[in-house]
Engineer: 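Have a look at the structure that comes next, please.
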Amino acid sequence: MKIRTAVAAKNTQLLCVFIQEKAEKISGLGRLDARTLAAVRQARDDMGGRLGAVGIVHACGRPARRILLAGLGKKSELTGDTVRFVSGIVAQRAAELETKEFTVAVPPGSVQDPAASASQIIEGAKMSLYRFDRFKAEKKGAPDVMTLVIGRSKKALSAVRAAEIVSDGVIFAKSVANMPPNECTPARLADIARKIKSPKLRCRVIARDELKRRGFGGITAVGGGSRNEPRLIILEYSGGVKSQRPTVLVGKAVTFDTGGISIKPRERMEEMKFDKCGGCTVLGIIKAASEMRLQANIVGIIPAVENMPGGGAYRPGDIIKLYNGKTAEILNTDAEGRLILADALAYGEERYSPRAMIDFATLTGACIVALGTNVAGMVSNNDRLAARVSESSARTTEEVWRLPLNPDYMAMIKSDVADMKNMGIGTAAGTISAAAFLRNAVADTPWVHIDIAGVAWTQASTKKKPYNPNGATGFGVRLILDYLQS
Ligand code: BES
Ligand code: MN
Ligand code: ZN
């Protein structure tokens, strides 16, 4: 869907305005004839501006064929997500009405900063119209154009452009993450990364033999059981000055996680196609950052493997050597994510001397036990970096909650026979013991780990949001683009 801007609504099929609960004034409609105005007032009284409620009035065509009132709820309860949420409802209504275009009036500054509102309207609308329907003969239609009625302020207009790119980044991440595992193999994921074209973007892919030769023992062990051989995907975006150290983003991409020899139970195993979501988030961020021409150096590192049982599979009892030289005793081949991430983090630190590293991974079922399916887990070795990510979390409503990582947790992964083991003790603090393993791969770079096991795709307990239709959510793309811009 294309986004246009205008200073007033004109000849549109559908004009949407937001109204707050109990608000008298309805702004954004321009001059209406007396009968339409009376109908609009009646509709407002009926729906009362309640959060998510809509009312539609048929008008005569000037400025619109239909007027849609969308409720924002009580002013005192307005959050940084309200307009995004309601905009998603509005866009889905426009799609149901099968209009090819619709217009949305950006709420006045008395609601919130118009640039922020414009961003949220675009994100909410674009993200909620995305559907994973590539494999369905019958596809639902969507509007081609959304026009935003917005002033001429430079700030607002550049917010519009940025929000379009951010939303497209999220949609890109979702659409790759939703791909079925027979289609999206590590090699295919590498092809997708190579196709992200931008003048300041370079893609390198390291295949299995070279990974073996160069000591990526975690990636090659986990990838050994599958005929779909592993890849390490590296995207270097150089939008900043040469001397500036990059931010390294690492994303777990297990294209399918059967658990390997420690095989998973059959129930809901199909959801393990989403075990590549961390990597997809990194792809979405890099794509958007390069389109925005962010003045920053950013490196994306995506270890891509398929975790399968097979003749070449690694086993419980194996001792493997990771990229940084440390050894790991394998107790459970289903704890594979930490092994491939440890290689990627160590490589990222050695090769790029980054100012910061942030990794995304659907790492532990324990994270769902601890935090549920609306909040991601965060573990860090650096309070300042963690605080900055939390600030971005508050601004974007991509929620993260920090968990502790003190020496007692580090002790949980000590092994009798190797430097560490790939599991903690029983099920105690599963998210933190996984993070403790990763902590061993980072020497002293400020690092944040984000466990997205609960939030990367919609699950039974996920709070329904129009902009997160069923399937992958692209969690982390908006969060980190905010961080990189701040
Ligand atoms: N990809 C899974 C984690 C996961 C499970 C994410 C369910 C989302 C939903 C990960 O590779 C895994 O299997 N982790 C194990 C670790 C355990 C064996 C220490 C887990 O969480 O059970
Ligand atoms: Mn696993
Ligand atoms: Zn996994």
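Each ligand, and each atom within it, is numbered from 1 in the order the structure gives. From a predicted model like this one, the values you see are computed outputs, not experimental measurements. Sequential numbering from 1 along the given sequence is applied to the chain's residues.
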Engineer: More than 12 foreign heavy atoms under 6.0 Å from NZ of K464: is that the case here?
Structural biologist: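 No, NZ of K464 has 12 or fewer neighbouring heavy atoms, counting only those of other groups under 6.0 Å.
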
Engineer: What atoms of ligand 1 come closer than 4.0 angstrom to any heavy atom of T362?
Structural biologist: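 The atoms of ligand 1 under 4.0 Å from a heavy atom of T362 are 1 (N), 2 (C), 3 (C), 6 (C).
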
Engineer: Non-hydrogen atoms of E271 versus ligand 1: any pair closer than 4.0 Å?
Structural biologist: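 No, E271 has no heavy atoms under 4.0 Å from ligand 1.
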
Engineer: Among side-chain atoms of S117 and Q112, is any donor-acceptor pair under 3.5 angstrom?
Structural biologist: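 Yes, a side-chain donor-acceptor pair sits under 3.5 Å.
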
Engineer: Which value, rounded to 10°, describes the OD1(D334)-the Mn ion (ligand 2)-OD2(D257) angle?
Structural biologist: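 With the Mn ion (ligand 2) as the vertex, OD1 (D334) and OD2 (D257) sit 100° apart.
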
Engineer: Restricting to under 2.8 Å, identify the protein N, O or S atoms around the Zn ion (ligand 3) as residue plus atom.
Structural biologist: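 Hits for the Zn ion (ligand 3) below 2.8 Å: K252 NZ, D257 OD2, D275 OD2, E336 OE2.
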
Engineer: At a non-hydrogen distance cut-off of under 4.0 Å, which region of R338 contacts ligand 1 (side chain, backbone, both, or neither)?
Structural biologist: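 Under 4.0 Å from ligand 1, R338 contributes side-chain atoms alone.
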
Engineer: Can you tell me which portion of W457 lies within the under-4.0 Å heavy-atom range of ligand 1? Options are side chain, backbone, both, or neither.
Structural biologist: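 It is the side chain that gets close, since no backbone atom is under 4.0 Å.
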
Engineer: With heavy atoms under 4.0 Å as the rule, classify the contact between K252 and ligand 1 as side chain, backbone, both or neither.
Structural biologist: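 Answer for K252: side chain.
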
Engineer: Around atom NZ of K74, are there more than 12 heavy atoms from other residues, nucleotides or ligands closer than 6.0 Å?
Structural biologist: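 Incorrect, the count does not exceed 12.
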
Engineer: By number and element, which atoms of ligand 1 are closer than 4.0 Å to a non-hydrogen atom of M423?
Structural biologist: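 The list of qualifying atoms is 19 (C).
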
Engineer: Which single N/O/S atom of E336 lies at minimum distance from the Mn ion (ligand 2)?
Structural biologist: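 Result for E336 and the Mn ion (ligand 2): OE1.
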
Engineer: Is a donor from one side chain sitting under 3.5 angstrom from an acceptor on the other, for Q459 and T373?
Structural biologist: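 No, because no side-chain N or O of Q459 sits under 3.5 Å from a partner of the opposite role on T373.
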
Engineer: Should we count CD of E271 as having more than 12 external heavy atoms under 6.0 Å?
Structural biologist: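 Yes, because the 6.0 Å sphere around CD of E271 holds more than 12 heavy atoms from other groups.
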
Engineer: If you count the atoms of ligand 1 from 1 in the order shown, which ones are under 4.0 Å from a heavy atom of D257?
Structural biologist: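 Within the 4.0 Å cut-off of D257, ligand 1 contributes 1 (N), 2 (C), 10 (C), 11 (O), 13 (O).
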
Engineer: Between the side chains of R161 and E164, is the shortest nitrogen-to-carboxylate-oxygen separation below 4.0 Å, so that they form an ion pair?
Structural biologist: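 Counted as a salt bridge, because a side-chain N and a carboxylate O are separated by less than 4.0 Å.
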
Engineer: Before accepting this row, confirm whether a basic side-chain N of the pair D191/R194 lies closer than 4.0 Å to the acidic partner's carboxylate O.
Structural biologist: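 Answer for the salt bridge query: yes.
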
Engineer: Which heavy atom of the protein is the closest neighbour of atom 15 (C) of ligand 1, given with residue, atom name and distance?
Structural biologist: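 In this structure, atom 15 (C) of ligand 1 has D334 O, 4.0 Å as its nearest protein heavy atom.
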
Engineer: For R293, is the CZ atom crowded, meaning more than 12 foreign heavy atoms sit under 6.0 Å from it?
Structural biologist: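 No.
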
Engineer: Tell me which protein heavy atom sits closest to atom 22 (O) of ligand 1, plus the residue, atom name and distance to 0.1 Å.
Structural biologist: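 Going atom by atom, the protein heavy atom closest to atom 22 (O) of ligand 1 ends up being G365 N, 4.6 Å.
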
Engineer: For ligand 1, which atoms, with element, lie under 4.0 Å from some heavy atom of A453?
Structural biologist: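 Near A453, the atoms of ligand 1 are 6 (C), 8 (C).
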
Engineer: Heavy-atom distances under 4.0 Å are what count here, so tell me which part of D275 touches ligand 1: side chain, backbone, both or neither.
Structural biologist: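 Only the side chain of D275 comes within reach of ligand 1.
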
Engineer: Should we say atom NZ of K321 is surrounded by more than 12 heavy atoms from elsewhere, each under 6.0 Å from it?
Structural biologist: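 Not more than 12 within 6.0 Å, no.
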
Engineer: Side chain, backbone, both or neither: which applies to L363 and ligand 1 if a contact is any heavy-atom pair less than 4.0 Å apart?
Structural biologist: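 The answer is the backbone.
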
Engineer: Are there over 12 heavy-atom neighbours, none belonging to E98, within less than 6.0 Å of that residue's CD?
Structural biologist: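 Count not over threshold, so no.
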
Engineer: Can a salt bridge be assigned to the pair R388 and E391 using a cut-off of 4.0 Å between side-chain N and carboxylate O?
Structural biologist: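 Salt bridge absent between R388 and E391.
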
Engineer: Considering both backbone and side-chain atoms of N332, is one of its nitrogen or oxygen atoms within less than 3.5 Å of a nitrogen or oxygen in ligand 1?
Structural biologist: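 No, since none of the N or O atoms of N332 sits under 3.5 Å from an N or O of ligand 1.
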
Engineer: For the residue pair Y347 and Y323, categorise the inter-ring angle as parallel (less than 30°), tilted (30 to 60°) or perpendicular (more than 60°).
Structural biologist: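 Rings of Y347 and Y323: perpendicular, as their planes differ by over 60°.
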
Engineer: For S76, enumerate each residue passing the side-chain hydrogen bond (donor to acceptor under 3.5 Å, both in side chains) test, keeping only those at least two apart in sequence or located in another chain.
Structural biologist: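 S76 satisfies side-chain hydrogen bond (donor to acceptor under 3.5 Å, both in side chains) with no residue once adjacent residues are dropped.
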
Engineer: Are D343 and R214 close enough for a salt bridge, meaning some N to O gap below 4.0 Å?
Structural biologist: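 A salt bridge is absent here (no side-chain N lies under 4.0 Å from a carboxylate O).
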
Engineer: Please state which part of M272 comes within less than 4.0 Å of ligand 1, counting heavy atoms only: side chain, backbone, both or neither.
Structural biologist: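 Answer for M272: side chain.
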
Engineer: Which of the numbered atoms in ligand 1 are below 4.0 angstrom from a heavy atom of E336?
Structural biologist: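 In order of numbering, the contacting atoms are 11 (O).
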
